[in-house]
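As structure tokens, the structure follows; a few thoughts come after it.
Here is how names work: the chains are called A, B, and so on, in the same order as the sequence lines, proteins then strands, and each is numbered from 1.
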Amino acid sequence: MLTFALRRILISIPTLLVISLAIFLLLELAPGDPMSQVPLTVPDEVKQRMREALGMGEPIPVRYGKWLLQFFWVEPLNLIDHWFGTTFAAGEQRILSWQTRSPVMEIVAQRMPQTLWVVGMSYVVGVLIALPIGIYSAYRQYSVFDQAGTFVSMIGYSVPPFFSGVLVIVIFSIQLQWFPSVYDTTHVVDSWDSFVVQLRQMIMPVMVLALQTTAQISRFMRASMLDNLGQDYVRTARAKGMSEAVVVLRHVLRNSMIPVVTVIALGVPGIFGGAIITEQVFKVNGIGQLLITAIQGADLPMVQTLTFIFAVLIVGFNLLADILYGLLDPRIRYD
Amino acid sequence: MTDRPDHTDDVPVAGNEATPVPFNPVGAAQSQRLIEAPRSQLRDVWDQFKTHKGALFGAGFFVFILLAVLLGPLLWPLEPTFIDIRARNSGPSLTHPFGTDQLGRDILARMIAGGRTSLAVGLTAMALALFLGTLIGVLSGYFRRLDGILMRLTDLFLALPLLPLLLVMMLLFRDSLRAAIGPETGIFLLVVLGIGVTSWMPTARIVRGDVLALKEREFVLAARSIGTPARRMITRHILPNVLSPVMVSATLGIANAIITESALSFLGLGFPSDYPTWGSLLRDGTDYLQSYPERVIFPGAAISLTVLAVNYMGDGLRDALDPRIRGR
Amino acid sequence: MLDAGTGREPLVRVRDLKMHFPIHSGLLRRRTGAVKAVDGVTFDISQGETLGLVGESGCGKSTCGRAILRLYDITGGSVTIAGRDVAHAGPNELRRMRPTMQMVFQDPQASLNPRMTVARIIAEPLDEHTRLSRAEKTARVHDLMDRVGLNRAFANRYPHEFSGGQRQRIGIARALALNPRFIVCDEPIAALDVSIQAQVVNLLEELQDSLGLTYLFISHDLSMVRHIADRVAVMYLGKIAELSPRDDLYADPLHPYTRALLSAVPEPDPEAAAASSRTILTGDVPSPANPPKGCNFCTRCPSVMDICRRIDPDFREVAPGRHVACHLYDTTQDGRPTAAPIPTRQGETP
Amino acid sequence: MPQNAPVLDVRDLTTIFHTRTGEVHAVNGVSFDLRRGELLGVVGESGSGKSVTMMSLIGLLPTPPAEIRHGTVTFEGRDLLRMDDAGLRRIRGDRIGFVFQDPMTSLNPVFPVGHQIAEPLRKHMRLNRRQARDRAVELLELVGIPDAARRLGDYPHQFSGGMRQRVMIAIALACDPDVLIADEPTTALDVTIQAQILELVKDLREKLGMAIVWITHDLGVIAGIADRVMVMYGGQIVEHAAVREMFARPRHPYTRALLKTVPSVRGRREPRLTVIEGQPPILTAAPDACPFRDRCAYRFDACDRRNPPRFDVGPGHDAACFWDFDADAPRGRVAAHA
Amino acid sequence: MKLKTVLIGATALAAIAPMAHAQETGERGRNGQLNIFYWQAPSTLNPYLSGGTKEVEAASLVLEPLVRFSETGELVPWLVDEIPTVENGGVSDDLTSITWTLSEGVTWSDGTPLTAEDAVFTWQYCTDPEGGCAQASYFDGVENVEAVDDRTIKVTFSGPKPFPYTAFVGSESPIIQKAQFQDCLGAKAPECTEANFNPIGTGPYVVDEFRPNDVISYSANENFREEGKPAFASVNFKGGGDAAAAARAVLETGEYDYAWNLQLAPEILTNMEAAGLGTVVAAYGTSVERIEVNQTDPDPSLGDARSTTEHPHPFLTDPRVVQALSKAIDRQLLVDIGYGAAGQPTCNILPAPEIYASTANDDCLTYDPEGAKALLEEAGWTDTDGDGIRDKDGRKLSVLYQTSTNAVRQDVQAIIKQEWEDIGVETELRNIDGSVFFGGDPSSPDTFQKFYADLEMYTNNFSGVDPESYMASWKCSEIPGPDSQWQGQNIPRFCSEEYDALVDKLSQTVELEQRGEIVKQLNDMLVQGGALIPLIHRGNPAAHAKTLGGVKMSDWDSELWNIKDWYRIQ
């Protein structure tokens with residue numbers, strides 16, 4: 001298992017390098033100018049000087065090299081400095097965002113909490129709702145519950161969040177005035193009341209996002225349960241006189257969870273990637289919103305870094321999913 | 001995801017061996033008959049598909065929507081871009097069954113035009129994604145040597161963000177495409193390419209898995225023992241047998257492409273905003289949600305119902321194409 | 001020579017055939033070992049003869065059959081069929097040889113493409129190797145269907161509409177399409193019901209008689225092999241333990257494994273069953289990735305000796321037509337008599 | 001042969017399946033009994049209804065699609081078919097043990113075998129963790145798994161096929177059942193391993209004395225271990241006799257043909273195999289004629305008119321055939337009802 | 001002056017909320033929290049590093065210039081007591097220097113006094129060639145800034161400057177603290193994240209926390225020079241979302257007090273306003289939505305020479321065609337559909353301030369398709385082949401009309417397209433993502449500077465109140481082209497010697513009336529010469545809660561210029 005993991009990590013290094021180059025070149029080719037949001041009243045020559053100050057004039061290979069160095073060397077050093085109070089990275093040039101002129105990583109770190117709160121929570125909620133639905137739908141296949149579950153998950157697939165999001169805002173914020181329509185990212189939870197406030201502002205985005213997660217995971221769960229319910233060992237368990245609860249919730253579930261857990265693990269990078277549209281609709285300024293504003297503002301270092309972090313997460317969680325598979329399924333032995 | 005109803009394949013015909021399939025044994029009737037016409041598998045698929053009510057509804061609705069957007073302009077000849085400023089913001093009426101928008105454009109006509117775009121995007125992007133996914137899946141599953149590199153390529157694409165990619169493509173090809181085939185077709189191609197190029201990966205993975213499994217099946221070995229070369233092996237034995245996962249991906253792909261196109265429209269990255277698609281109608285409508293809810297509800301319902309219908313179709317197709325079920 | 005003294009030139013000549021599947025492991029996926037599925041198999045099959053190849057699951061008998069037909073790229077040894085080298089032929093050459101040698105597979109469900117009609121399945125070899133017109137092909141397909149006892153009215157049906165026995169007939173028809181001389185039957189009856197097995201075996205025998213076919217009949221069913229084969233090879237863990245004419249082998253098995261195997265077959269006769277005393281082997285077959293040192297049967301052999309754990313016995317002819325790989329029949333060992341008498345009965349050839 | 005009171009008594013069991021194409025009559029009016037300590041062999045081809053019969057009587061068939069249309073199954077004085085699920089669960093695994101065909105798939109791949117053996121012990125015998133463990137070791141030793149204590153924590157895939165089937169037997173025997181139903185327990189195994197398992201079962205039977213129903217399609221296996229044999233065809237019992245009687249004097253054309261189709265490794269080698277032409281039937285309705293008639297060499301008009309009942313043809317020997325092999329003529333009207 | 005503005009504000013408010021009890025005066029911080037919603041969030045608080053309006057406005061709570069512009073465009077002394085003029089001797093007679101005197105007792109929020117050295121530093125900071133200062137144009141022509149004494153700043157120009165109120169005037173040119181920024185000169189400027197995100201200012205608020213592109217928390221400046229101000233103890237400045245969401249948060253849910261830049265369809269705003277929680281207000285500056293008319297040929301077949309002065313446009317150089325196009329536009333309809341209270345029809349490129357606004361072109365305010373047709377006939381464009389499109393010499397009257405992607409602009413485009421097609425002009429529409437269209441990427445074909453279209457529509461204005469440099473942008477020398485890397489302000493590629501001469505004359509003229517006359521002439525030359533089709537004089541729409549008092553929107557300065565005077569109506 002260890003060799004397997006090491007080997008996969010070794011393979012992922014060249015993969016990530018290729019990905020980083022692809023992302024870098026792609027974005028370099030992309031249109032857009034960080035100066036486009038500067039008012040027209042600012043003369044062109046001033047804009048040109050501002051561009052030069054951002055380092056846009058340098059050739060692409062040089063910038064790619066610099067960026068790689070910054071991403072893989074300077075930023076980790078900064079992280080170490082941050083954790084241990086050392087000063088390894090003092091004086092090193094960090095990756096600076098063009099829009100804010102501040103280190104990209106700091107902004108990412110700042111955005112992470114709200115993204116994790118909302119998108120992460122919705123994922124957790126979605127999964128927690130999805131599993132029982134999937135299990136029961138499979139167990140009572142073609143029952144009314146199953147049909148309803150199928151319908152709800154289809155709705156989850158079919159209704160885009162910019163539709164459902166605005167709809168719940170109109171219903172719950174404007175008509176009923178139950179929840180705020182604007183998410184307050186500065187809100188600090190330090191008491192029961194503030195926790196309630198936090199809950200209230202999270203409910204709608206979490207609801208909208210969880211619907212999609214629930215839809216997907218419950219379908220997976222159902223399919224996986226169905227596959228396993230037909231297996232011979234289920235009959236064995238019944239033949240041993242085990243109760244249905246034990247048969248379904250211990251024997252079948254344990255087996256069905258193996259593929260589902262890996263699917264869940266593969267969905268995790270999505271949390272860190274944020275949910276662009278939902279964040280926009282509910283004004284949860286998380287990573288997704290950061291990415292879209294960076295794209296709109298042609299903030300290349302930000303977009304490059306964010307997409308690359310995302311790529312690293314995807315590759316990493318792919319690996320994790322494989323390892324989890326091996327851990328959960330005793331039949332799988334890597335090496 | 002494979003769902004299957006257990007009421008047929010779980011029939012424990014005693015012994016649990018591979019169950020021999022009932023077939024009228026050497027009966028008296030067979031000798032006189034001439035060669036039977038081929039019993040189309042499509043028919044079997046359809047017979048099974050029919051039993052799935054959701055799928056039947058889905059297929060019916062999808063056909064209805066397709067006919068509506070294709071034949072709609074004949075029945076409802078109003079121009080979707082015609083501005084009748086005096087009639088703006090009117091509710092549903094006989095002259096404008098779905099009402100008009102803030103410029104007095106007929107919403108029904110815009111829905112029909114928008115649907116044509118959205119469905120065209122959905123179908124073509126799906127076709128492209130399927131083509132790429134199947135090609136890459138088959139190649140990497142069938143040829144061991146290509147496997148590593150193609151799967152890394154898949155990883156790479158999974159890690160690429162759609163939005164910047166679309167922007168790049170807009171820049172690089174828009175002008176030449178616009179000059180060659182006109183602005184709307186150009187963007188259409190770009191959106192389709194963008195969605196297609198960024199959504200083939202799941203199909204590729206599924207197909208690869210299936211091909212790997214198929215390669216171990218004895219009929220492939222049988223073909224090898226006959227001396228069938230790789231090209232025909234793929235076209236004759238591999239492709240027809242990965243058809244069912246591909247068909248299922250197809251339905252999911254249409255739904256996915258419709259949603260993606262509307263999300264792009266929502267973010268203002270899709271078609272020009274005077275060019276109606278369901279997504280852009282929905283986006284424009286959300287601002288008017290309170291005063292004119294129908295402007296959100298029509299396109300929203302159109303997107304959702306179409307995707308729903310297609311998803312149900314996929315569900316039914318999955319069942320219908322599963323030989324474990326259809327076999328009997 | 002090995003071909004049981006018929007004097008005829010063997011149609012199939014297999015020499016020291018090895019089929020090793022590499023095991024890769026470690027950080028750099030180095031090759032760290034091999035599953036020795038087939039490890040040095042030698043035999044001949046004469047024209048018109050049926051060689052039975054028996055053994056338990058995992059002993060490498062199917063791999064052996066496939067390797068002979070070059071469905072795998074073999075690791076070592078040589079295979080000659082009808083005087084042509086199969087093992088080292090280039091792709092085009094191999095393709096030209098294909099019509100001579102065909103295969104019937106174990107699982108009639110899995111060996112037929114579910115998306116092709118029976119006619120197309122049977123016609124596939126014709127498509128690949130002949131330039132017949134459509135009508136000629138159809139005629140040939142119908143002819144083949146008649147030959148294997150399939151109603152030609154069903155030419156346009158799909159495999160799933162047939163029963164197991166009928167599907168196996170389709171597989172046989174496909175194998176016959178190009179008038180092969182040699183057919184490897186890879187467990188053709190294992191997946192069939194008892195009452196159907198006999199139908200298929202009879203069909204194979206009839207075809208052999210009428211078309212002069214040569215079979216390599218791979219099976220784990222010793223009783224069926226006894227019925228159909230002229231000579232029988234018993235495989236254990238990638239190697240042939242014993243190769244003898246059928247009647248000799250069943251009447252007087254030489255190798256301890258053959259004896260155990262035969263004694264394990266249950267007798268459909270309660271009287272005999274009650275009377276017989278069986279040799280029950282202990283333990284399981286070792287992994288072919290990690291075979292025991294010396295004789296590979298030494299871990300389970302009831303007559304195991306010291307030497308067996310050290311030296312791998314040669315596969316030798318110990319009596320006319322009778323080959324065995326066992327130290328019990330060593331005559332060259334100094335100072336130690338052979339533990340078993342050399343059979344006196346002469347091998348007879350059919 | 002033990003001639004005591006039956007431990008299991010099955011009367012007129014009829015099981016059908018609802019499929020998309022209609023009903024399939026898998027078991028049609030099967031009646032038999034099982035006596036304490038005996039081994040009853042059930043022989044038949046795929047689709048003959050032998051497994052379905054056994055699964056029906058203890059409620060292991062999923063309903064739907066299956067439906068047990070009528071019949072009674074008396075076990076310990078109670079009708080299992082009228083019992084609720086909880087009651088059945090108390091009997092399954094405790095009083096009646098099961099061994100299935102494929103030990104590869106019948107064990108749960110993600111639990112250690114020790115856990116799987118302990119499960120029924122803890123449920124039915126109310127053992128605590130420690131006791132269950134000890135008993136599991138005992139059971140593994142009983143079925144001949146070397147180094148039992150250490151292997152308790154191993155997963156099924158770490159065992160070979162034969163060992164896995166031993167584990168299955170250990171599970172079935174865990175609570176000392178009165179009845180063991182073995183559904184083709186050696187079909188998926190190699191002959192040498194099959195021989196080991198058969199030895200083991202003989203051995204265990206002597207030690208434990210439970211009644212066994214042994215389902216198989218292999219007449220050889222039956223000949224070696226069974227006391228009595230039932231032959232099933234088309235969802236019915238076509239012949240039933242003590243094992244020696246059955247092999248010596250088969251009185252149903254199907255049994256007779258079956259005995260001839262199987263070649264032997266010993267004895268005479270027939271130049272040609274006897275063949276039963278045609279395919280076994282799938283019944284879409286309750287049979288109103290002999291289900292074997294299409295493949296039968298003795299067919300005559302009565303076979304098409306009525307489904308033959310089980311005629312007594314000797315002591316403890318009955319056969320469902322209108323042909324009287326002793327007289328070599330159609331059976332007279334005398335023994336019309338068995 | 002200050003008193004007066006306060007009074008005006010009070011009466012205006014009294015009209016809005018007669019019943020409310022105004023809390024104009026009282027203790028500092030008495031009104032709790034003020035919630036402001038800028039749906040585009042500021043990315044930095046250093047206005048010198050980002051020229052964006054949102055950054056400038058967010059910074060204006062903290063950083064202050066010497067003088068601000070009121071809602072009417074008048075100069076309001078802010079950190080000085082009086083505005084230097086030639087009359088009071090603050091401006092030298094030869095117009096080459098201006099001397100400012102800081103008010104007494106102005107301190108930074110950290111308690112240190114504001115000195116002239118800070119202003120000198122600000123000038124150095126922004127003019128450092130490596131710093132990439134966004135507001136460098138404010139220091140154009142500034143030769144030197146010196147601190148005469150602690151409170152006296154002397155700005156010397158390289159030549160006579162008739163309108164010397166640029167440096168340190170208005171929200172885009174505020175004074176930054178030398179102590180905080182002295183290590184951030186030149187290339188180091190972007191790395192001073194701490195300073196850029198938390199500038200120390202003299203304004204009513206100090207930054208507590210700045211989250212780029214997300215939210216800013218301010219609290220009242222304890223050292224603010226005015227007693228009892230600001231009324232709010234803290235400000236929550238939220239970003240993200242879209243205009244509709246921002247409007248909704250103020251007008252419908254009441255979660256926010258003020259929302260900026262609500263470019264929404266008028267009826268949406270009207271409907272939201274009906275909820276009764278807030279008011280929509282607009283400030284008018286010099287923004288004009290206009291169609292620029294390409295005087296050069298954008299034909300793709302010309303390759304690199306497309307849209308350059310080498311090839312004049314085949315028909316748009318004829319002012320009659322442009323006039324016809326202008327007449328055929330129903331400007332009032334455009335206002336009704338797209339702008340509502342935030343727009344007025346205009347025929348001038350310079351509609352304000354009043355002394356510069358010409359009335360010579362006002363006949364275009366009436367929608368006159370017949371007149372347009374007549375003009376086209378006169379210019380020789382007739383529909384000879386009956387396909388509904390006019391043509392002349394085998395060439396169709398067909399235009400490509402581009403703009404940036406924005407719902408209102410696309411509605412306007414659609415209406416105009418239809419109106420033009422009514423008079424026989426074929427119109428192809430095209431819209432380009434704003435970041436590309438307004439981005440200056442010379443390699444992109446889609447920038448507004450490249451102008452690879454016949455017509456393009458966008459809004460432009462000038463900052464401050466003096467139009468001299470704005471009008472100078474249509475000089476021949478300002479034409480963008482490949483030689484200048486497509487930089488230059490003269491987007492329509494309009495070139496007239498007469499116009500250039502008049503611009504030069506303007507730069508020599510001091511007297512305000514005369515300047516006004518010249519500017520009107522310039523405006524008329526542009527409009528009548530067919531370089532531009534002005535459409536809408538745009539205001540900046542914003543919404544504030546009915547409980548928020550003191551809001552006086554100025555388009556000449558930051559919208560939040562007088563936030564120190566804002567208060568809660570209870």
Side-chain angles (χ1 to χ4, degrees), chain B residues 13-15 17-45 148 213-214 216-230 232-233 235-244 321-328, chain C residues 66 69-72 91 94-99 101-121 124-129 138 142 149 151-167 171 174-175 177-178 184 186 191-193 196:
Chain B
V13 180
E17 296 101 324
T19 48
V21 168
F23 165 61
N24 192 15
V26 221
Q30 71 180 46
S31 46
Q32 286 89 357
R33 262 183 293 166
L34 287 167
I35 310 300
E36 283 185 346
R39 247 177 74 94
S40 137
Q41 281 206 307
L42 270 178
R43 212 192 145 73
D44 289 358
V45 171
L214 277 176
E216 300 305 311
R217 291 276 292 278
E218 279 186 340
F219 68 81
V220 174
L221 211 59
R224 282 245 300 284
S225 78
I226 288 165
T228 308
R232 280 200 288 279
M233 190 78 96
T235 52
R236 193 183 289 160
H237 295 289
I238 303 282
L239 279 181
N241 284 293
V242 294
L243 203 67
S244 39
L321 288 171
D322 192 333
R324 287 179 296 183
I325 297 164
R326 208 193 60 242
R328 32 197 321 143
Chain C
R66 291 172 185 187
L69 293 192
R70 252 307 274 295
L71 294 180
Y72 300 132
L94 188 65
R95 199 171 126 78
R96 279 195 300 275
M97 291 180 199
R98 288 281 175 215
M101 45 187 195
Q102 285 296 315
M103 188 154 183
V104 175
F105 291 88
Q106 169 178 4
D107 187 343
Q109 168 102 43
S111 62
L112 304 177
N113 186 340
R115 311 264 167 193
M116 284 163 76
T117 59
V118 170
R120 277 195 63 205
I121 289 172
E124 191 185 358
L126 303 173
D127 293 339
E128 287 300 331
H129 291 283
T138 311
H142 289 164
N151 189 325
R152 52 165 77 179
F154 300 152
N156 287 326
R157 289 196 175 187
Y158 288 89
H160 72 261
E161 297 174 72
F162 292 86
S163 71
Q166 287 169 316
R167 276 184 227 156
R174 170 176 61 188
L178 295 170
V184 173
D186 184 4
L192 303 177
D193 260 321
I196 311 298

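- With a 4.5 angstrom heavy-atom cutoff, C/Arg70 does not touch chain B via any of its atoms.
- Taking CG of B/Asn241 as the reference point, atom CZ of C/Arg115 lies at 5.5 Å (rounded to 0.5 Å).
- For the side-chain contact (heavy atoms from CB on, under 4.5 Å) with B/Ile226, the qualifying choice from C/Met103, C/Arg95, C/Gln102 is C/Gln102, the only one to do so.
- The choice from B/Ala222, B/Ser225, B/Gly227 that makes the most heavy-atom pairs within less than 4.5 Å of chain C is B/Ser225.
- With a 4.5 angstrom heavy-atom cutoff, C/Met97 does not touch chain B via any of its atoms.
- Contact of the C/Ser111 side chain with the B/Leu221 side chain is not registered, since no non-hydrogen atoms from C-beta on lie closer than 4.5 Å.
- C/Arg66 CZ to B/Arg224 CZ: the interatomic distance, rounded to the nearest 0.5 Å, is 9.0 Å.
- Interatomic distance, CZ of B/Arg236 versus CG of C/Asp127, reported as 5.5 Å (0.5 Å rounding).
- For C/Leu71, the parts sitting under 4.5 Å from any heavy atom of chain B are the backbone and the side chain alike.
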